[in-house]
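Whatever order the structure lists them in is the order used to number ligands and atoms, beginning at 1. Predicted model only: the values in this text are computed from it and were never measured.
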Amino acid sequence: MDWMPHNHSRSLSARLDLARASNSPSKQNISPSVIPKNVLAHANEFIPRVISSSASASPNFLNSYPVPNSATVHPLAKKLEEGDVSSHATPETTSPPLTNSPPVLHEKLGNSPALPAYQENVGGTTYFYQFQANTENRQTPAVTDNVPNTVTTEYNVYTGKHESFFLSEDIRNDILNRNVLSLLQPDPQQYPDLPHEVDSYHELFPLEPISHNNLHKAHMGYQASMYKATHIKTGTHYCLRRIHGFRLSNTKCMAFVELWKKLSHSNIVQLKEVFTTKAFGDNSMIFVYDYHPGSQTLLNKHFSPEQTGYCDPFLNDASTPRPYSYQKNNLLRHTQNNKLPESLIWNYIIQLTSALRIIHSAALACRSLDPTKIIINSQNRLRLSCLGIMDVVLQETNSTISHVALIQHYQQEDLSALGKLVLALACKSTMAVQRDNISTALDIVSRSYTPDLRNLIMYLLSTQQRRSVTDLMPMIGARFYTQLDNLHNQIESLDNELSKEVQNGRLFRLISKLATINERPDFNMESTWAETGDRYMLKLFRDYVFHQVTEEGHPWLDMAHIIQCLNKLDVGVPEKICLMSRDEQSILVVSYAELKHCLEQSFGELASTSVIHHDLSDVGVGVDDKL
Ligand SMILES: Nc1ncnc2c1ncn2[C@@H]1O[C@H](COP(=O)(O)OP(=O)(O)OP(=O)(O)O)[C@@H](O)[C@H]1O
């Protein structure tokens, strides 16, 4: 069978390669009868040429070996015929160690040690061979023991611990959960009134039940609702907060919007844009924010009656009046049993003060520091949401007020709101901050937490003095370092997790390229496109990488082998491997560099005529040093 008849000079090198493929201690001779005469005439002394991995010339991979029926068969083919060797090949791999060698031709030029060469004259052509370096010590034995696609099962593949190879389950689930939430689509039957498009956004999905109760007017008398939406052009998900029935008559407030849009901080939900729309059938004002899937409000997280076992300790049953001391003891007992860890409260304080610091230094005020307007994610990251709305809405309702003049007042209100929030968290009660309950609540804090926490709350609640967020820093003290340390540790562990997966995209793109080429039914009306030329090589390579079998013919699934082969293909190393045709009649000796060239060439052909072409061109870029 001569399926690569068109390049005789290549055939010569191929023969040489095959001779080297039989790189066993007992050297194999190349039968002179298989060397074409027209090549001999020009090359009576032949020295194997160096194959550079970056060679742009036509690759030297067409090393096919027609196996003649005559007596002058190549020794390796002869061995195959005689059944001396198994009819498959061993995978080229160094991990785990193979007891039998793969038919790998190590031509790692540049880093291979200089070994003595010997020469042999065959039919007038001189062949130069290099002795094998320390054959006994090699992890991989001689080729004569094996042929492509077979492994011996004297060892077991190290399956390893799942977690040591892949992202931890917790992180994976968290990410998947967020992805699912981001992709949620509304049921049109459940929400028939939802507009198809609102300005540059579509796929609106309500983040809370749409209230038709006009009494629920959280934003200075305006009803509001929240939607997840997708930007039509970029596909990015955002949060739209709609203020119902709002008509903007004064554009002065848009100066605040510009200031808020510029404010970027890890503890605030960034405002992206503000616009008016009639898409909902009324005059609505839309505030577009970053979307943080999986977030919940602080109210839901810590004060929700829907949580099992939660009830507000300050909620008295009026039908059973009891002496004050009894109630207080009850409160204390309840708080002791249910209190939040102090470290968590300080964690929140550091994040909230950090956000307030940046807001106040931009001459703005939050004005919505409320458990319903602070969102928290699964890693306890707090973000102030709803920023900028009050500036717009209040400007409208009372346009005579100068916001700039009042900003300091609002900032003081922010600090009071922070004091109440910390008190509520320490007592696990939103009712604790009611005027009648504050002294009892502070008493509870004194008994349950350190004086530092009480002092901070007292400072924030004392309205006699002018307070500043920067004054809180000494009260936080060394806890700041603990927070920083925790964050660094978290970053490091995420970095470790990321490093496990960092190669996946590259390998996936490589496999995608192979899969789009291999056994493609037809291309450009050529029914044999996937079976001839470059593609044939890739098909055999696919068998070599993925279809290894044991000597008994059982599938051999070794991820290390697969990944190693793909990495070498991606880089295009000069190392050579033997590929065997499926009928086991022919063997090709081919380098990864040549295979890479085939892949690029064939994929280039496909991509150039494809209707859609996703850019996979960066496959392999800069990975040489990552093997
Ligand atoms: N930027 C955001 N990204 C993701 N989810 C958010 C974002 N902002 C708010 N949410 C979620 O949307 C839902 C509704 O938020 P909203 O601020 O309206 O809370 P609320 O308690 O319903 O307050 P209100 O009384 O103003 O309606 C909450 O579950 C909240 O977690």
S.K.: With heavy atoms of Val269 as the reference, note each atom of ligand 1 found under 4.0 Å away.
M.R.: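 Per the distance check, 1 (N).
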S.K.: Using heavy atoms and a threshold below 4.0 Å, how should the contact between Leu299 and ligand 1 be classified: side chain, backbone, both, or neither?
M.R.: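 The answer is neither.
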S.K.: At under 4.0 Å between heavy atoms, which part of Thr297 makes contact with ligand 1: side chain, backbone, both or neither?
M.R.: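 Under 4.0 Å from ligand 1, Thr297 contributes backbone and side-chain atoms.
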S.K.: Whether Lys278 and Asp282 form a salt bridge (side-chain N of Lys/Arg under 4.0 Å from carboxylate O of Asp/Glu) is what I want to check.
M.R.: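 Salt bridge flag = no for Lys278 with Asp282.
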S.K.: If you measure from each non-hydrogen atom of Thr372 to ligand 1, which part falls under 4.0 Å: side chain, backbone, both or neither?
M.R.: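 Looking at Thr372 and ligand 1, atoms from backbone and side chain both fall under 4.0 Å.
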S.K.: Which ligand 1 atoms does Met226 reach within 4.0 Å, using its non-hydrogen atoms?
M.R.: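 Near Met226, the atoms of ligand 1 are 7 (C), 8 (N), 9 (C), 10 (N), 14 (C), 15 (O), 18 (O).
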S.K.: Working note: Asn567 + Arg506, criterion side chain to side chain donor-acceptor pair (under 3.5 Å); need CA distance, chi angles, decisive distance, verdict.
M.R.: CA-CA 9 Å; Asn567 277 336; Arg506 181 177 59 82; 2.7 Å; yes
S.K.: Checking contacts here: is it the side chain or the backbone of Arg241 that comes within 4.0 Å of ligand 1, counting heavy atoms only? Could be both or neither.
M.R.: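 Within the 4.0 Å criterion, Arg241 contacts ligand 1 through side-chain atoms alone.
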S.K.: Give a yes/no verdict on a cation-pi contact between Lys272 and Tyr289, requiring under 6.0 Å between NZ or CZ and the six-membered ring centre and an angle within 45° of the axis.
M.R.: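 The answer is no, since Lys272 fails at least one limit relative to Tyr289.
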S.K.: Before signing off on this row, confirm whether Asp290 and ligand 1 have an N or O atom pair separated by under 3.5 Å.
M.R.: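 Yes, since at least one N or O of Asp290 sits under 3.5 Å from an N or O of ligand 1.
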S.K.: Atoms of ligand 1 less than 4.0 Å from Leu207 heavy atoms?
M.R.: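 Listed by number with element: 5 (N), 12 (O), 13 (C).
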S.K.: If you measure from the Lys or Arg side-chain nitrogens to the Asp or Glu carboxylate oxygens, is any gap between Asp471 and Arg467 under 4.0 Å?
M.R.: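 No.
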S.K.: Taking only Lys NZ, Arg NE, NH1 and NH2, and the carboxylate oxygens of Asp or Glu, determine whether Glu600 and Lys513 approach each other closer than 4.0 Å.
M.R.: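 Yes, Glu600 and Lys513 are salt-bridged.
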S.K.: Could you note down all residue pairs passing ring-ring contact (aromatic ring centres under 6.0 Å, His included) where residues 347-367 supplies at least one of them, sequence neighbours left out?
M.R.: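 Output for this query lists His302-Tyr348.
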S.K.: Provide the number and element of each atom of ligand 1 under 4.0 Å from a heavy atom of Tyr291.
M.R.: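 Checking each atom against Tyr291, I get 3 (N), 4 (C).
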S.K.: Which one holds for Lys373 and ligand 1: side chain close, backbone close, both close, or neither close, with close meaning a heavy atom under 4.0 Å?
M.R.: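 For Lys373, the contact with ligand 1 is made by the side chain alone.
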S.K.: For ligand 1, indicate whether the residue Gln296 contacts it via side chain, backbone, both or neither (heavy-atom separation under 4.0 Å).
M.R.: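 The part of Gln296 near ligand 1 is the backbone, not the side chain.
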S.K.: What do you reckon, does Ser295 have a nitrogen or oxygen under 3.5 Å from a nitrogen or oxygen of ligand 1?
M.R.: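 Yes, since at least one N or O of Ser295 sits under 3.5 Å from an N or O of ligand 1.
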